[in-house]
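In the text below, chain A, chain B and the rest are named by the order of the sequence lines, each starting its count at 1.
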Amino acid sequence: MIKHALSVTRQADFAAWYQDVIAEADLAEESGVRGCMVIKPWGYGIWERIQTVMDAAIKDAGVQNCYFPLFIPLSFFEKEADHVDGFAKEMAVVTHHRLIGDGKGKLIPDPEAKLEEPLIVRPTSETVIGAAMSRWVQSWRDLPLKVNQWANVVRWEMRTRMFLRTSEFLWQEGHTAHADRDDAMAETLRALEMYRAFAEDVLAMPVIAGEKPENERFPGAVATYSIEAMMQDGKALQAGTSHYLGTGFAEAANIRYQDRDGGHSLCHTTSWGVSTRMIGGVIMTHGDDDGLRCPPRIAPHQIVIVPMLRDNEEDTAILDYCRSLEAELKALDAFREPVRVLLDAGAAKAQTKRWGWVKKGAPVIVEVGPRDVAGGNVAVIRRDRLYQDSGKLDTAFVAKGDFVAGAAAMLADIQQGLHAEAKARLDANVRRDVTDLAAHFGGDDKFVGWAEVQWSRPTGAVLDGIVEQLKALKLTMRNTPLDAAPADGTCFFTGEPAVERVLIGRTY
RNA sequence: CGGGGAGUGGCGCAGCCUGGUAGCGCAUCUGCUUUGGGAGCAGAGGGUCGCAGGUUCGAAUCCUGUCUCCCCGACCA
């Protein structure tokens, strides 16, 4: 019987387990402000890694970073009807700019200081960036225009969950303007592919990229694409979105250009984003009953050295040995970056530190005690295979030089192994033989995955009916995978000839 | 917004029904003994019980009001 580091298992209560991982791995905590969290150093360190790698990919695509205001005038939203319809229910509004005492020891908004026009705390920035684009785009020579910002946004969600849906969250939002549909659509799909590759290669999180059905589109978009990841409980997580916005936003913000022939045309715009939700995805993709398993590429520390200090004269020798090990490891590259090493020489007990790093999911933990120093060894624990078959902690005692020589390859192996494990789970849980959704999703299986069915892509009332039918089973359509096999049968819902395949499942 | 739960040392909780000025575990500090699967023993410090009223000789406990957070649901880029 293995003694695990967490008190709740995934099998027993997945939701409680998720919250326990966040607490035990020191990723984040409740802030006392409704739906908002404090992201702690380890959690924020993961976000910084996501930012670093994603930012490089964004810049590689010729997109430039900018920063736009947190506050957006209400009138900006009113210009695009679908957009405001989609967000109206969840917008935080600033109405006053000053407080006064109410005479009872409390502060209240000063009625004299009411804003003439309310300001919205941005839920997304299409409108304010569109206003800038209308100034910046004059000629066909100004296109394409591609900007991105790293920012916080606020959406007043009814129900929040740490990382997955918080009232305030951190993200990047890319916004581009193009001369025509083809160029804008190419950009939309480029961003989608960037996200797919990022999720797979960096987060080790396999995803399915596809187009969202009409009812799941971003408010105001002509087409919305997503990457969908499967969590260990079989639910889907929308981990990134990319939208082709057509000319609607360009019309609302008056983004026009003069073409080669002297005529004026509306731009075609796109927007795309990923957020701190990705961290929730990493937790539910790679976490186990001992906490998080952090993929090496986003681990703030890839290798943590834990000296077994005992407050005696041996400590100096142990620390010297650890420092030389740290220096050797830091000189290495893994994934074409310097290896990130932490020598945890703090005052806590060695065992406490070890289990702390296990729960945080540091990919490799290296323990160094007096016996290792004497023998020139290190004791290595891989987070992706913590236990021997016997249930004992799997600590490998190897020569220090051998460990250093193989460290980069070990990190690559862990990264690859985590991906393979998650990919196998995704593949095994997408079912293409489902004939009865109620039976499949209503059975005793605790963690049902997704069903892929053929459909005729109906619209309007027929689509609404399907959505209602799925809703009764707590199901939604995730996306129509871009790389699915061509349709060759009839629609699961209407019986008409099918045109494509669509994924169905429960979602976060 | 509907349903449920919770606000008591840093954290997690008990006490409340049957009022008598607060207790436990973890953490912290000190000492000694330990040390490669989360140490043991002894001792110490730290809270006036979300907030505001009320009842009472006396309120964490009873009453009224109020605020906040969490969970489930509805909703949702």
Side-chain angles (χ1 to χ4, degrees), chain A residues 1-7 13 15-16 18-20 23-24 26 29-37 82-91 104-106 122-126 153-162 164-167 169 171 173 212 215-221 224-226 238-243 245 271-275 277 290-291 306-312 314-315 318 347-359 365-373 375 377-381 386-388 390-397 471 474 476 507-508:
Chain A
M1 186 64 184
I2 295 174
K3 180 191 166 194
H4 287 289
L6 301 185
S7 52
D13 186 340
Y18 176 73
Q19 297 198 100
D20 204 36
E24 293 293 323
D26 259 339
E29 64 185 19
E30 296 297 340
S31 63
V33 181
R34 199 204 93 103
C36 297
M37 60 179 176
D82 291 335
H83 192 56
V84 73
D85 277 354
F87 283 107
K89 299 184 296 295
E90 53 185 10
M91 296 209 276
K104 299 175 209 158
K106 302 284 186 193
R122 64 180 163 215
T124 180
S125 302
E126 276 75 7
V153 290
V154 168
R155 298 181 186 180
W156 213 262
E157 301 287 356
M158 296 279 188
R159 187 155 139 51
T160 58
R161 311 188 66 163
M162 296 254 243
L164 300 177
R165 186 175 297 103
T166 44
S167 299
F169 57 92
W171 76 344
E173 47 180 326
K212 285 286 193 186
N215 61 305
E216 299 266 352
R217 268 182 209 143
F218 177 74
T224 286
Y225 296 82
S226 72
Q238 180 175 303
T241 49
S242 185
H243 315 288
L245 302 174
S271 68
W272 28 273
V274 297
S275 71
R277 175 184 277 185
D290 293 292
V306 177
M308 315 292 284
L309 302 177
R310 297 177 181 179
D311 290 323
N312 61 25
E314 287 174 323
D315 285 3
I318 294 173
K349 297 203 51 152
Q351 288 93 332
T352 305
K353 290 183 198 170
R354 170 209 292 159
W355 288 105
W357 290 115
V358 165
K359 288 186 283 195
I365 300 166
V366 184
E367 296 182 337
V368 176
R371 274 186 264 152
D372 303 308
V373 175
N377 294 323
V378 291
V380 181
I381 298 169
L386 260 191
Y387 301 105
Q388 302 171 355
S390 64
K392 282 194 164 181
L393 206 58
D394 190 359
T395 307
F397 295 87
K471 193 174 161 186
K474 294 186 175 183
T476 57
T507 183
Y508 275 98

Students often get this wrong, so: under 4.0 angstrom with heavy atoms, is [X] touching a base, only sugar-phosphate, or nothing?
X	answer
A/Gly356	base
A/Ser275	base
A/Glu126	nothing
A/Pro307	nothing
A/Thr124	nothing
A/Gly35	sugar-phosphate
A/Arg165	base
A/Pro123	nothing

Donor-acceptor under 3.5 Å ([X] side chain, [Y] main chain):
X	Y	value
A/Tyr18	A/Met162	yes
A/Asp315	A/Arg310	yes
A/Glu126	A/Ser271	no
A/His243	A/Thr224	no

Nucleotide paired to [N] in any strand shown, Watson-Crick or G-U, under 3.5 Å:
N	result
B/C41	B/G31
B/A6	B/U68
B/C24	B/G12
B/G58	none
B/G73	B/C1
B/G46	none

Between [M] and [N] - [atom1] atom distance, rounded Å:
N	M	atom1	answer
B/U8	B/C69	P	15 Å
B/G4	B/G9	C1'	29 Å
B/C51	B/G73	P	32 Å
B/G46	B/A27	C1'	12 Å
B/A59	B/C17	C1'	15 Å
B/G31	B/G36	P	23 Å
B/C70	B/C32	P	46 Å
B/C41	B/G65	P	49 Å

Are any of the side-chain heavy atoms of [X] and [Y] separated by less than 4.5 Å?
X	Y	value
A/Cys36	A/Thr166	no
A/Thr124	A/Phe87	yes
A/Lys89	A/Trp156	no
A/Glu173	A/Val153	yes
A/Ser7	A/Asp20	yes
A/Lys353	A/Ile365	no
A/Asp372	A/Val378	no

Tell me: [atom1] of [X] to [atom2] of [N], nearest whole Å?
X	N	atom1	atom2	result
A/His4	B/G38	NE2	C1'	15 Å
A/Gln19	B/C70	CD	C1'	8 Å
A/Tyr18	B/C70	OH	P	14 Å
A/Arg161	B/A74	CZ	C1'	15 Å
A/Leu164	B/C72	CG	P	11 Å
A/Glu216	B/C75	CD	C1'	12 Å
A/Glu367	B/G38	CD	C1'	11 Å
A/Glu157	B/C70	CD	P	14 Å

Strictly under 3.5 Å: I want the nitrogen or oxygen pairs between protein and nucleotides 32-35 of chain B, one per line.
from  : atom 1 : to       : atom 2 : distance (Å)
B/U35 : O2'    : A/Arg310 : NH2    : 3.1
B/U35 : O4     : A/Arg310 : O      : 3.4

With the side chain of [X] defined as its heavy atoms from C-beta on, choose the nearest nucleotide among [options].
X	options	value
A/Lys359	B/C75, B/G36, B/G38	B/G38
A/Ala5	B/G38, B/C70, B/C76	B/G38
A/Trp355	B/C72, B/G38, B/G36	B/G38
A/Thr160	B/G36, B/C76, B/C70	B/C70
A/Lys471	B/G38, B/G36, B/A74	B/A74

Output, in order, the C-alpha distance, side-chain angles, deciding distance and verdict of side-chain contact (heavy atoms from CB on, under 4.5 Å) for A/Gln238 and A/Arg277. CA-CA 9 Å; A/Gln238 180 175 303; A/Arg277 175 184 277 185; 3.8 Å; yes
Donor-acceptor pair under 3.5 Å, A/Arg159 side chain vs B/C75 base: no
Atom pairs under 3.5 Å, N or O on each side, protein against nucleotides 7-14 of chain B: can you list them with distances?
none

Can you tell me how far CD of A/Glu367 sits from CD of A/Gln351, rounded to the nearest 0.5 angstrom? 8.0 Å
Take A/Gln238 and A/Lys392, find for each the nucleotide of RNA chain B with the closest heavy atom, and name the residue whose nucleotide sits nearer the 5' end. A/Lys392
Of A/Tyr508 and A/Gln388, the one whose closest nucleotide on RNA chain B sits nearer the 5' end is A/Gln388
